[in-house]
2 protein chains.
Amino acid sequence: MAVATTSKKQNIINIAAGLFRKNGYKATSIRDLAAAVGIEPSSIYSHVSSKEEILAEICLDSARRFSEGMDKTEKTFKSPADKLHALIQLHLEIAYVFPGSIVVFNGEWKHLPDDRLKEFITSRKNYETRFKSILEAGKNQGVFTFDNAEIVFNIIIQSLTWPYEVSRKYGKAALQTELTNFIMRSLNKNP
Amino acid sequence: MAVATTSKKQNIINIAAGLFRKNGYKATSIRDLAAAVGIEPSSIYSHVSSKEEILAEICLDSARRFSEGMDKTEKTFKSPADKLHALIQLHLEIAYVFPGSIVVFNGEWKHLPDDRLKEFITSRKNYETRFKSILEAGKNQGVFTFDNAEIVFNIIIQSLTWPYEVSRKYGKAALQTELTNFIMRSLNKNP
DNA sequence: CCTACCGATCGGTAGG
DNA sequence: CCTACCGATCGGTAGG
């Protein structure tokens, strides 16, 4: 017997993430998912309790990845510039290795049931707060220049949130170089 | 009799754009739309032939606005910097006055039927080509600096594509100032 | 993991 | 613009 690399449940969720990304959550039926997995529709419910639960696992898994990435970034780097640099890499890394993150970027989290939605938004706000702190620290130290940290945070997040197909056209390295240059040049007070 | 400001059809499409933006195209039923308009579901079909047609009108209207904005920009301004500045304003202007554009930004155009999808993508590619020409001209004239025009185009477009609720938190003026500074500083070869 | 099935809702039509 | 309705598809359950 081979060592299990992914549980059947996780496998279903991964396949669902791919379908949600391509066609959207609402446009993907349990029947579509079952066909892609290779089982009968009702068998999906042996592994997950509902379609909403699948979405919740995808969204909260993505949120967890960002949260842990932020933990590591804060611990590993001292200067705001180094931290920001690491966060740019984090976003691209997650987008490239975890297809479910694209589902989140596409805004499908709006279909989460109330309790999960609250959980997700809380995690997101926490990430935003920590990100803005890094920007503010850079401004206070005289290395970053901008007016409104919240607006700049959103600009950066948006610039890092690419449609899946577009992002795949270029190598991760090329994307990372251009994005890092673009963002860092913008914020750099003393070029 | 009052002068008709918007046709009943256009009114339905505008209301649909609001619902598609908030809940998504697939998650918005004809029944939801009819209730928002204040008529019975079947009456929707006295004004539009299908749900897909509503989406097509929204997406192609948005595409037309961008195309016409690009026409005007190319005619009115000479320097790449002035043109880029105008395009930033164009994006924010459209996002603020036309709710349907947000539907497009949210990627709902993926649900267009084949022929309309082709039409939409063609218009989009045309816009991209013209936008990249402006970037390349700036690079050739030694005023812009970047590696890959296509990647930079996508970065700029993404940075201008905000979730509706977030963008409404700040005044249009504040958003415009910060975005213009952010993008122009990035590209500016001689700060 | 399957067969068989259910109630709800969907986009859309007939006919006035 | 409405009443009345249709076939298709949906998420999910029962029972094995």
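Proteins get letters first, then strands, A, B, ... in listed order; numbering begins at 1 in each.
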**OP:** Decide yes or no on side chain to side chain contact (heavy atoms under 4.5 Å, CB included) for A:Asp61 and A:Arg64, but give the supporting numbers first.
**Re:** CA-CA 5 Å; A:Asp61 186 10; A:Arg64 191 182 44 74; 2.4 Å; yes

**OP:** Using a cut-off of strictly less than 4.0 Å between a heavy atom of the residue and any atom of DNA chain D, enumerate the qualifying residues of residues 33-45 of chain B by number.
**Re:** B:Ile39, B:Glu40, B:Ser42, B:Ser43

Original post:
Is it true that atom NZ of A:Lys22 has more than 12 heavy atoms of other residues, nucleotides or ligands lying nearer than 6.0 Å?
Top reply: no

Using atom [atom1] of [X] as one end and atom [atom2] of [N] as the other, report the distance to the nearest whole Å.
{"X": "A:Phe20", "N": "D:dG11", "atom1": "CZ", "atom2": "C1'", "value": "12 Å"}
{"X": "A:Ile30", "N": "C:dC2", "atom1": "CD1", "atom2": "C1'", "value": "16 Å"}
{"X": "A:Arg31", "N": "C:dC10", "atom1": "CZ", "atom2": "P", "value": "16 Å"}
{"X": "A:His111", "N": "D:dG11", "atom1": "NE2", "atom2": "P", "value": "12 Å"}
{"X": "B:Lys51", "N": "C:dG12", "atom1": "NZ", "atom2": "P", "value": "8 Å"}

Side-chain donor/acceptor of [X] to backbone N/O of [Y], under 3.5 Å:
{"X": "B:Ser62", "Y": "B:Ile58", "answer": "no"}
{"X": "B:Tyr170", "Y": "A:Asn148", "answer": "no"}
{"X": "B:Ser67", "Y": "B:Ala63", "answer": "no"}

Looking at [N], I'd like to know if its phosphate oxygens (OP1 or OP2) sit under 4.0 Å from a side-chain N or O belonging to [X].
{"X": "A:Lys26", "N": "C:dC10", "value": "no"}
{"X": "B:Ser29", "N": "C:dC10", "value": "yes"}
{"X": "B:Lys8", "N": "D:dC1", "value": "yes"}

**OP:** Identify the heavy atoms of A:Ser167 and A:Tyr96 that sit nearest to each other, and give their distance.
**Re:** O-OH, 2.8 Å

Subject >> Cation-pi geometry met for A:Lys189 and A:Phe144 (6.0 Å, 45°) >> reply: no

**OP:** Establish, for the pair A:Lys51 and A:Tyr25, whether the NZ or CZ atom is under 6.0 angstrom from the six-membered ring centre and no further than 45 degrees off its axis.
**Re:** yes

**OP:** Could you provide the dot-bracket string of DNA chain D, using ( ) for intrastrand pairs, [ ] for crossing pairs and | for bases paired to another strand, with Watson-Crick or G-U pairs below 3.5 Å?
**Re:** ||||||||||||||||

**OP:** Check the angle between the aromatic planes of A:Phe105 and A:His91 and answer parallel, tilted or perpendicular using the 30° and 60° thresholds.
**Re:** parallel

